[in-house]
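One structure is given below, encoded as structure tokens.
In this text the structure is predicted, and so the values were computed from the model without any measurement. Convention: sequence-line order gives letters A, B, ...; per-chain numbering from 1.
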Amino acid sequence: MGAAKTAISPTRVEDYPEWYQQVIKGADLAENSAVRGCMVIKPWGYAIWENMQRVLDQMFKDTGHQNAYFPLFIPMSFLEKEAQHVEGFAKECAVVTHHRLEPDGKGGLRPAGLLEEPLIVRPTSETIIGATYAKWVQSYRDLPILINQWANVVRWEMRTRLFLRTTEFLWQEGHTVHATSEEAMEETRKMLDVYADFVENYMAVPVIKGEKTAGERFPGADMTLSIEAMMQDRKALQAGTSHFLGQNFSKAQEIKFQDKNGEIAYAWTTSWGVSTRLVGALIMTHSDDDGLVLPPRLAPSQIVLIPIYRDEAQHAEVLEYCKALKQELAAQMYSEQKIRVDIDDRDVRSADKKWYHIKRGVPVRIEIGPKDIAKNAAFVGRRDTNQSQSMPRDELVGGIVAMLTEIQNNLFSRALAMQKANTVELKSEAEFREFFQPDDEQGQSTGGGFAKCWFASEAEVQGLLDELKVTIRCIPLDAPSGEGVCFLTGKPTATQAIFAKSY
RNA sequence: CGGGGUGUAGCGCAGCCUGGCUAGCGCAUCUGGUUUGGGACCAGAGGGUCGUAGGUUCGAAUCCUAUCACCCCGACCA
């Protein structure tokens with residue numbers, strides 16, 4: 001066979017960033033809006049996010065958290081209270097300075113009603129939530145506070161990309177308060193585990209759990225944990241973070257309480273979040289040159305039935321058969337829910353329908369025509385392997401749960417194999433430079449991969465990292481604890497980290 | 001904010017340098033027909049203040065001036 005025609009152009013190898021855009025377009029997930037840097041999330045993309053939300057929300061509740069909602073606006077003075085935090089976010093804040101519009105005399109409008117104190121559109125809510133918690137906490141009996149909110153936030157980024165980095169994005173942010181450092185630390189770790197569990201078992205994206213170095217920490221945190229995933233261009237994507245905030249915010253905002261001994265103590269806080277960026281991670285981990293590939297557990301539609309017919313009489317017969325088959329499939333449980341089955345009965349050529357659903361990543365496609373009905377069979381296509389075959393109807397109905405499970409597992413193991421194949425241990429500057437060298441003259445596909453390296457000091461390696469556009473992703477929680485030798489300076493060190501190019 | 005670029009039909013573009021008939025092409029859309037187990041073919045149709053404002057000219061998508069918007073590279077980043 002010659003070069004096969006792909007549904008997405010360019011291919012991943014030809015131009016990865018452009019391929020990513022085209023997958024989103026082909027799957028009809030989202031599009032750019034009239035507002036710079038902000039996206040419109042379309043129904044198919046939003047349905048994926050809703051599935052993510054549903055699963056995560058249950059996980060949060062199962063670990064003792066409740067949902068609440070805090071304001072979109074934060075008084076500017078709140079942000080000023082935690083020095084590191086201000087510094088981290090000041091450069092990317094949307095600021096509301098007026099509360100009214102009036103005619104400008106030239107047929108247009110102009111802002112009026114200057115606010116006494118500017119309001120910041122939340123880039124994250126530590127400050128407004130902390131200020132609220134300060135009022136709620138009096139006694140050790142009020143602790144812990146375990147709250148999550150689903151919200152939108154705004155960060156005025158210079159360059160945006162659909163799902164990966166947009167000016168406004170959707171996320172959840174958990175904010176908790178604890179009486180002791182140990183308890184807050186345990187919460188921080190627990191929520192990282194929840195994220196890792198979700199991303200690996202639902203999104204089928206393998207991750208590395210680790211701790212951020214001081215230079216990569218969340219502004220105002222004592223410790224930041226993250227999960228890092230490898231995309232198909234071998235770049236790293238931070239998929240979730242969990243922060244141990246120590247007493248920094250409680251001191252800045254007076255979150256204090258009387259402990260069992262009657263002493264006044266500052267509380268210990270945490271925060272943790274994942275965003276619509278996860279949709280980007282999903283796309284870049286599994287999709288291929290024919291478009292989106294969705295893991296069954298998160299696919300809005302897990303199975304699509306495509307009727308094939310020539311005339312109205314056949315149409316009626318085939319549709320009848322599809323409806324009955326749908327009922328049998330949809331009655332079964334997969335991943336604690338009824339299987340999501342749709343019949344695509346649109347007045348569109350069947351070949352077009354097939355490609356439509358391939359590009360949208362539907363895990364299982366079932367094509368039904370008169371010939372299949374005669375054999376009491378169905379023509380079944382799997383999106384993960386792109387293989388299709390005729391199956392007896394009984395076998396299909398009886399084996400559908402196993403098939404969905406197999407697809408889910410296959411996606412994960414494929415991604416894990418990819419990650420492992422591109423993770424290496426490097427011991428010298430020469431090896432390091434070689435590893436992160438661009439693959440071609442245009443500098444395309446420059447991912448390199450994950451490099452495990454011993455290093456002695458963040459400051460000492462910074463120059464090299466800037467030069468190669470590499471960052472320290474994390475110090476893996478399971479990193480070796482012994483003594484090593486810094487790959488750059490040769491100094492002895494106890495720290496091994498993962499270095500990678502990143503999004 | 002620095003350096004480059006682009007604005008022409010829903011989308012993608014040509015035309016501009018060297019001004020000239022009714023502003024074109026591909027995809028998409030609609031109609032009719034032929035097709036129909038695989039991303040169809042033929043014929044036809046609809047759809048444009050050529051980013052905006054001003055200027056030069058008998059005549060401007062094309063030349064000049066101003067302005068707006070967007071894109072790419074850099075600093076920032078879930």
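- Residue Lys354(A) places no side-chain N or O under 4.0 Å from the OP1 or OP2 atom of rG37(B).
- Among the heavy atoms of the strands lying under 4.0 Å from Ala7(A) is at least one base atom, whether or not backbone atoms are also near.
- The distance from atom CH2 of Trp355(A) to atom C1' of rG38(B) is 10 Å, rounded to the nearest whole Å.
- Using a 4.0 Å heavy-atom criterion, one finds that Leu164(A) contacts the bases of the nucleic acid, with or without backbone contacts as well.
- Side chain of Arg310(A), nearest nucleotide from rG37(B), rA78(B), rG39(B): rG37(B).
- In this model, a side-chain donor or acceptor of Asp372(A) finds a partner on the base of rG37(B) within 3.5 Å.
- Both Thr241(A) and Gly37(A) sit near RNA chain B, but only Gly37(A) has its closest nucleotide nearer the 5' end.
- Counting non-hydrogen atoms of neighbouring residues, nucleotides and ligands closer than 6.0 angstrom, the CD atom of Glu80(A) exceeds 12 such neighbours.
- Taking atom CD on Glu157(A) and atom P on rA78(B), their separation rounds to 8 Å, with Å as the unit.
- Residue Gly369(A) is classed as a base contact, given a heavy-atom separation below 4.0 Å to a base.
- Contacts of Thr166(A) with the nucleic acid, taken as non-hydrogen atoms under 4.0 Å apart, include base atoms.
- Phe218(A) comes within 4.0 angstrom of no nucleic acid atom, judged by non-hydrogen atoms across all strands.
- When rounded to the nearest whole Å, the span between CD of Glu92(A) and C1' of rA75(B) equals 13 Å.
- Within 3.5 Å, a donor on the side chain of Ser350(A) pairs with an acceptor on the base of rG38(B), or the reverse.
- Here rG39(B) presents its P atom at 11 Å from CD1 of Ile308(A), a figure rounded to the nearest Å.
- A salt bridge does not link Arg393(A) to Asp372(A): none of the charged nitrogens lies less than 4.0 Å from a carboxylate oxygen.
- For Trp171(A), the CH2 atom sits in a packed shell: over 12 heavy atoms of surrounding residues, nucleotides or ligands are nearer than 6.0 Å.
- Spacing between atom CZ of Arg473(A) and atom P of rA78(B) amounts to 8 Å, rounded to whole angstrom units.
- Considering only side-chain N and O atoms, Arg349(A) lies under 4.0 angstrom from the phosphate OP1 or OP2 of rA40(B).
- Using a 4.0 Å cut-off between a side-chain N of Lys or Arg and a carboxylate O of Asp or Glu, Arg365(A) and Glu367(A) qualify as a salt bridge.
- Atom CG of Leu237(A) is separated from atom OG1 of Thr285(A) by 7.5 Å, given to the nearest 0.5 angstrom.
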What protein N or O atoms touch nucleotides 1-5 of chain B N or O atoms at under 3.5 angstrom, if any, and at what distances?
none

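- Of the candidate nucleotides rG39(B), rA78(B), rC71(B), rG39(B) has the atom lying nearest to any side-chain atom of Asp352(A).
- We find that Lys359(A) and Asp28(A) are not joined by a salt bridge, their nearest charged nitrogen and carboxylate oxygen being 4.0 Å or further apart.
- Closest approach to the Glu367(A) side chain among rA78(B), rG37(B), rG38(B) is made by rG38(B) (side chain taken as heavy atoms from C-beta onward).
- For Ala351(A), counting side-chain heavy atoms from C-beta on, the closest listed nucleotide (rG39(B), rA78(B), rG37(B)) is rG39(B).
- Ionic pairing of Lys212(A) and Glu228(A) is present here: one or more N-O contacts between side-chain nitrogen and carboxylate oxygen are shorter than 4.0 angstrom.
- Remark: the separation of the P atoms in rC50(B) and rG4(B) is 29 Å, to the nearest Å.
- Toward the 5' end of RNA chain B, the nearer of the two residues Thr160(A) and Val274(A), judged by each one's closest nucleotide, is Thr160(A).
- Atom CD of Glu460(A) is surrounded by more than 12 heavy atoms from other residues, nucleotides or ligands within 6.0 Å.
- Applying the 5.5 angstrom centroid cut-off and the 30 degree plane-angle cut-off, the aromatic ring of Trp171(A) is not stacked upon the base of rA78(B).
- Regarding Met39(A), its CE atom lies at a distance of 12 Å from the C1' atom of rA78(B), rounded to whole Å.
- Across rG37(B), rG38(B), rA78(B), the shortest atom-to-atom separation from the side chain of Arg155(A) is found for rA78(B).
- Checking rU35(B), rA78(B), rG38(B) against the side-chain heavy atoms of Gln238(A) singles out rA78(B) as nearest.
- Here Lys469(A) lies in heavy-atom contact (under 4.0 Å) with sugar-phosphate atoms only.
- Salt-bridge formation is detected for the pair Asp57(A)/Lys61(A): a Lys NZ or Arg NE/NH1/NH2 atom is positioned less than 4.0 Å from an Asp or Glu carboxylate oxygen.
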